[in-house]
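Only one structure is covered here, and it is reproduced in the block below.
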Amino acid sequence: MRVVDLRSDTMTRPTPAMSQAMAAAEVGDDVFGEDPTVNQLEKMAAARLGKEAALFVASGTMGNLVSLLAHCGRGDEIILGSLSHTFFFEQGGSAAVGGIHPRTVANQPDGTMPLTEIEAAIRADNLHFPQTRLIVLENTHNLCSGYPLDLEYMQAVGDIARHHGLKIHVDGARFFNAAATLKVSPDQLAAEADSVSVCLSKGLAAPVGSVVCGSRDFIGRARRARKVVGGGMRQAGVLAAAGIIALNEMVDRLADDHANAHKLAQGLAQLPGLSIDLSQIKTNIVFFEVTRNDVTAEHLVKTLDDQGARMLPVGVGRIRAVTHYHMSADDIDYTLEVCSKVLRQL
Ligand SMILES: Cc1ncc(COP(=O)(O)O)c(C=O)c1O
């Protein structure tokens, strides 16, 4: 049976060019700083993000954790979105491992935290309070339909951070998707950030890994943090080789994923029993709601799955579909046919 897997862009498999590069990768012991392929990837990533240095890590979760550990000490407070991946989906790792205290501000549907509320959340100098150190942004914002944070917003948060002596970390799991849809260069979009963690393993289709970018000093601290969480990898060049292809060959095609997401969203909007806010669709993530009382999101997803369209139920009555490299416009037509047929049958 033909299956279109829209559960996540993490479903992407290495491209043929990646497989070849991985097999041929020149390697060394990266904990000794001697893996030439890792070193090349880190140099490339830093240049793309306009930062001094970069660090190859095993995952987006590890990228965020080592960044927070590098920015904060025990008892320090971070300000982050109530719907952010770091707050929601990373086991509270920064609190568990680093003793870092989270202070959430409600995310708006466009992924922003209101500027006035960020400012209100910054602690005064008072014996009773933890000290605010860091603002964490997510760009694009996964649970907010993959919405990108634009330059103006990044600059406004940068102004607040500077004024209060705080740092900014960006969870940029899909940072290149943001830059692509906003039509700005990644280094411009990263200019206000002290650190950015970018996933190579999502829309960019590498099998493993993220890169954290920042100042040389910051990356030195992040490298120490990576070692203590068990992330010092040895001949990691076999993985970094795929990351190099990801940065070289997979960024420019992200616009195709965004076009497919629009096509999917427009098709879903025509189907009775579903509701979707088309203005929310800016990148490769599509959220929609099931409005029928007689069908749950779980049941609809299970039935779609049986018929060849795989999606993810997220929260009550909500479904997420993510477009990626292994999907053509024809696959989107097929997915919409399956959705239409299933909704008629149920
Ligand atoms: C916004 C965001 N940040 C971080 C991560 C974590 O990445 P990983 O699954 O590589 O740990 C994800 C994963 O989906 C994500 O969507």
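What you are looking at is a predicted structure, and each value in this text was computed from that prediction instead of being measured. Counting convention: from 1, in listed order, for ligands and their atoms alike.
- H258 and T283 share no side-chain donor-acceptor pair at under 3.5 Å.
- Those atoms of ligand 1 with a heavy atom of E138 less than 4.0 angstrom away are 1 (C).
- Considering backbone and side-chain atoms alike, S201 places every N or O at 3.5 Å or more from each N or O of ligand 1.
- At a 4.0 Å cut-off, at least one heavy atom of E90 sits close enough to ligand 1 to count as contact.
- Within the listing of ligand 1, atoms 10 (O), 11 (O) sit less than 4.0 angstrom from a heavy atom of S59.
- Between L68 and V136, some side-chain heavy-atom pair lies under the 4.5 Å cut-off.
- The backbone N or O of Q108 sits nowhere less than 3.5 Å from a side-chain atom of T112 that would complete a donor-acceptor pair.
- Of the protein's heavy atoms, T61 OG1, 2.6 Å lies nearest to atom 11 (O) of ligand 1.
- Protein heavy atom in closest approach to atom 14 (O) of ligand 1: K202 CE, 3.1 Å.
- Here the heavy atom of the protein found nearest to atom 3 (N) of ligand 1 is D171 OD2, 2.6 Å.
- Between the side chains of R320 and N142, at least one donor N or O lies within less than 3.5 Å of an accepting N or O.
- Between T10 and ligand 1, no pair of N/O atoms sits closer than 3.5 Å.
- For the ligand labelled ligand 1, residue M62 lies outside the 4.0 Å heavy-atom shell.
- Side-chain contact of D9 with N284: a donor-acceptor pair under 3.5 Å is present, judged by distance alone.
- Within the 4.5 Å cutoff, no side-chain heavy atoms of Y334 are placed close to those of V3.
- D194 and K51 are not joined by a salt bridge, as no carboxylate oxygen comes within less than 4.0 angstrom of a charged side-chain nitrogen.
- Looking only at atom types and distance, the side chain of E119 has no donor-acceptor partner in the side chain of H163 under 3.5 Å away.
- Closest protein heavy atom to atom 5 (C) of ligand 1: H85 CE1, 3.2 Å.
- Summarising the geometry, atom CD belonging to Q235 is positioned 9.0 Å from atom CG belonging to D30; distances are rounded to the nearest 0.5 Å.
- Taking every heavy atom of G60 and a limit of under 4.0 angstrom, the matching atoms of ligand 1 come to 6 (C), 7 (O), 8 (P), 10 (O), 11 (O).
- When heavy-atom distances to ligand 1 are checked against a 4.0 Å cut-off, R174 comes that close only through its side chain, counted from C-beta outward.
- Of the options A173, S197, C199, the smallest heavy-atom separation from atom 2 (C) of ligand 1 is shown by A173.
- Residue S210 has no nitrogen or oxygen atom sitting less than 3.5 Å from a nitrogen or oxygen atom of ligand 1, judged on distance alone.
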